[in-house]
Amino acid sequence: MTPKPERWSQRQHRLTFGFRVPGGERSAAGWQVTWTGCAVMGVLNVTPDSFSDGGKYTSREAAVAQARAMRDAGALIIDVGGESTRPGSEPVPAAVELDRVRPVLRALAAEGVLLSVDTMKPEVAAEALRAGAHLINDVRGLRDSEMVRVCADAAAPACIMHMQGEPRTMQRAPHYEDVVAEVYGFLHRQAQLVLSAGVPSVLLDPGLGFGKTPAHNLALLHALPGLTAGPHPVLVGVSRKRLIDTLAGVPRAADRDPGSLALHLYAARHGAAAVRAHAAAAHVQALRVEAALDTPGIVPAR
Ligand code: HH2
């Protein structure tokens with residue numbers, strides 16, 4: 001294997017799909033989406049109760065307009081979610097979740113947007129893939145073998161995220177003997193398992209805020225280079241999360257974009273292949289500047 005370039009902004013990342021995808025190139029392995037440096041996954045919550053933007057995109061028109069704006073600003077992928085997983089949230093029935101995401105996925109797939117769907121339910125994932133989603137983002141990290149089967153059958157890549165417990169109770173008393181070894185060990189084990197089951201490629205995500213104290217989140221961020229040195233692209237998502245309030249004193253979630261950006265730039269500099277962000281345009285802009293600074297002697301053409 002050729003060694004990875006030292007500069008984060010020059011590292012190439014790749015996701016492989018078993019079917020044609022927007023921006024994908026045909027290869028022997030399937031269709032590949034390739035990018036350099038750190039990409040943006042734009043968050044699109046079509047829920048009434050998400051912690052920072054609940055209710056803003058519940059109409060199809062509002063959701064599609066927001067996705068278009070994020071795509072036009074340079075987001076690589078739009079992550080559509082129909083169930084909030086904020087701490088304390090209650091699960092919603094699969095039929096409700098599907099009614100929320102399906103029309104939006106159909107509309108955006110028709111416009112050639114690269115789409116992930118943020119769901120823990122295999123039946124929602126299967127229907128979402130039929131409606132035009134390309135990647136499954138599962139905050140349960142494909143611990144359900146049925147979710148592995150859905151992704152493998154559709155030849156769709158998956159984001160494996162680590163979560164301790166369930167959203168309803170996960171922040172009550174998170175506990176680890178060694179958070180870095182346990183979380184990164186889980187991600188590596190799950191990656192091996194799902195790839196050997198036929199899922200074409202994976203993104204790994206430490207799941208910041210999912211059953212973790214601020215100290216756990218910071219330990220994982222400080223150890224990020226150990227994860228990003230591995231063979232799989234790494235996604236980091238701290239957008240508007242409580243960690244920003246802990247670090248900077250910002251009680252209102254919607255006010256936390258500057259702190260989110262600072263943490264995401266840190267993640268990019270330490271090798272993250274993508275960051276999951278609500279303020280997608282601001283992230284694309286800041287990452288372009290950060291990438292230019294990482295490339296001494298090169299004056300961009302624009
Ligand atoms: N965070 C949230 C939801 N899904 N998926 C991944 N892979 N990584 C994350 O960090 C992550 C995620 C929570 O954020 P949000 O979607 O804005 O809120 P809610 O769950 O309330 O809809």
Side-chain angles (χ1 to χ4, degrees), residues 15 39-58 63 66-67 70 75-92 96-97 100-101 104 115-121 124-125 128 133 135-143 147 151 157-164 166-168 170-171 183 186-187 190-191 202-212 216-217 220-221 224 227 232-245 252-257 259-260 263-264 267 272-280 283:
L15 281 172
V40 173
M41 172 187 271
V43 180
L44 184 64
N45 287 320
V46 292
T47 53
D49 57 345
S50 286
F51 77 96
S52 80
D53 57 358
K56 265 180 99 172
Y57 307 112
T58 43
Q66 172 67 359
M70 293 194 285
L76 176 71
I77 187 160
I78 304 299
D79 188 38
V80 182
E83 176 180 50
S84 172
T85 50
R86 72 191 182 286
S89 58
E90 295 287 344
V92 300
V96 172
E97 193 182 337
R100 292 175 182 167
V101 297
V104 177
L115 294 166
S116 70
V117 66
D118 185 351
T119 185
M120 300 186 263
K121 300 189 190 78
V124 172
L135 182 147
I136 300 302
N137 172 24
D138 177 11
V139 300
R140 297 192 73 243
L142 286 89
R143 279 178 284 161
M147 190 63 116
C151 293
C159 176
I160 298 173
M161 198 199 80
H162 176 275
M163 167 167 65
Q164 186 179 77
E166 300 295 326
R168 202 167 53 80
M170 66 189 176
Q171 287 307 106
V183 172
F186 167 83
L187 295 177
Q190 282 302 96
V202 291
L203 264 171
L204 304 184
D205 183 341
L208 299 172
F210 283 84
K212 289 158 190 110
H216 294 143
N217 291 320
L220 290 166
L221 279 165
L224 196 59
L227 186 65
H232 305 299
V234 171
L235 173 72
V236 170
V238 288
S239 196
R240 300 181 180 170
K241 288 185 182 173
R242 207 170 297 165
L243 179 61
I244 315 295
D245 182 29
R252 245 175 47 98
D255 295 336
R256 296 178 189 154
D257 287 330
S260 311
L263 273 171
H264 284 153
V275 289
R276 183 179 177 278
H278 299 84
H283 275 73

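Ligands are counted one by one from 1 in listed order, and the atoms in each one are counted from 1 as well. Please read these numbers as outputs of a predicted model, since none were measured by experiment.
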### Message
How far is atom 21 (O) of ligand 1 from the closest protein heavy atom, and which atom is that?
### Response
S84 OG, 2.6 Å
### Message
Quick check against the 3.5 Å criterion: does T47 have a side-chain atom that pairs as donor or acceptor with the backbone of S84?
### Response
no
### Message
Looking at every heavy atom in both V92 and K121, which two are closest together, and how far apart are they?
### Response
O-NZ, 2.9 Å
### Query
Going through the checks in order, is the side-chain contact (heavy atoms from CB on, under 4.5 Å) test met by T119 and M147?
CA-CA 10 Å; T119 185; M147 190 63 116; 4.2 Å; yes
### Non-hydrogen atoms of G82 and V46 that approach each other most closely
CA-CG2, 4.2 Å
### Atom CZ of R140: over 12 foreign heavy atoms under 6.0 Å
yes
### Query
Under the 3.5 angstrom rule, does the side chain of Q171 hit a backbone N or O of P87 as a donor-acceptor pair?
no
### Query
Under the side-chain contact (heavy atoms from CB on, under 4.5 Å) criterion, do V183 and K212 qualify, and how do the steps go?
CA-CA 10 Å; V183 172; K212 289 158 190 110; 4.0 Å; yes
### Query
In the protein, what heavy atom is nearest to atom 20 (O) of ligand 1, and what distance, to one decimal place, separates them?
T85 N, 2.7 Å
### Query
Of the backbone atoms (N, CA, C, O) and the side-chain heavy atoms from C-beta on, which set of V139 has a member under 4.0 Å from an atom of ligand 1: side chain, backbone, both, or neither?
side chain
## Note on the structure
For V238 and H264 the tightest heavy-atom approach is N-NE2, 3.0 Å
### Query
Below 4.0 Å from any atom of ligand 1, is there a heavy atom belonging to H278?
yes
### Within reach of ligand 1, part of L235 (heavy-atom separation under 4.0 Å)
side chain
### Query
In the protein, which heavy atom is nearest to atom 4 (N) of ligand 1, and how far is it?
D118 OD2, 2.8 Å
### Message
Using a 4.0 Å cutoff against the non-hydrogen atoms of G237, which atoms of ligand 1 qualify?
### Response
10 (O)
### Task
Look only at interatomic distance and state if T47 has a nitrogen or oxygen under 3.5 Å from any nitrogen or oxygen of ligand 1.
no
### Task
Without swapping roles, check the side chain of S239 against the backbone of H278 for a donor-acceptor pair under 3.5 Å.
yes
### Task
Write down the atom of I78, the atom of A67, and the distance for their closest heavy-atom approach.
CD1-O, 3.9 Å
### Message
Could you identify the single nearest non-hydrogen protein atom to atom 16 (O) of ligand 1 and state the distance to 0.1 Å?
### Response
R276 NH2, 2.8 Å
### Task
Could you tell me whether M161 approaches ligand 1 through its side chain, its backbone, both or neither, with non-hydrogen atoms closer than 4.0 Å?
side chain
### Query
Of all the heavy atoms in G81, does at least one lie under 4.0 Å from an atom in ligand 1?
no
### Summary
The atoms of ligand 1 lying under 4.0 Å from a heavy atom of C159, numbered in the order shown, are 7 (N)
### Query
At what distance is the nearest protein heavy atom to atom 5 (N) of ligand 1, and which residue and atom is it?
N137 ND2, 3.1 Å
### Query
Which atoms form the tightest heavy-atom contact between A191 and L204, and what is the distance?
CB-CD2, 4.0 Å
### Task
Distance to 0.1 Å, residue and atom name: give those for the protein heavy atom nearest to atom 1 (N) of ligand 1.
K241 NZ, 3.2 Å
### Task
Considering heavy atoms of the protein only, find what lies nearest to atom 8 (N) of ligand 1 and give residue, atom and distance to 0.1 Å.
D205 OD2, 2.6 Å
### Query
Is there a nitrogen or oxygen of F51 sitting under 3.5 Å from a nitrogen or oxygen of ligand 1?
yes
### Task
For residues F186 and H162, report the shortest heavy-atom separation together with the two atoms involved.
CD2-CD2, 3.6 Å
### Atom indices of ligand 1, in the order listed, that fall short of 4.0 Å to a heavy atom of N45
15 (P), 16 (O), 17 (O), 18 (O), 22 (O)
### Message
With respect to S50, determine whether any N or O atom, backbone or side chain, lies less than 3.5 Å from an N or O atom of ligand 1.
### Response
yes
### Task
Show which atoms of ligand 1 fall inside a sub-4.0 Å distance from at least one heavy-atom site of R86.
20 (O), 21 (O)
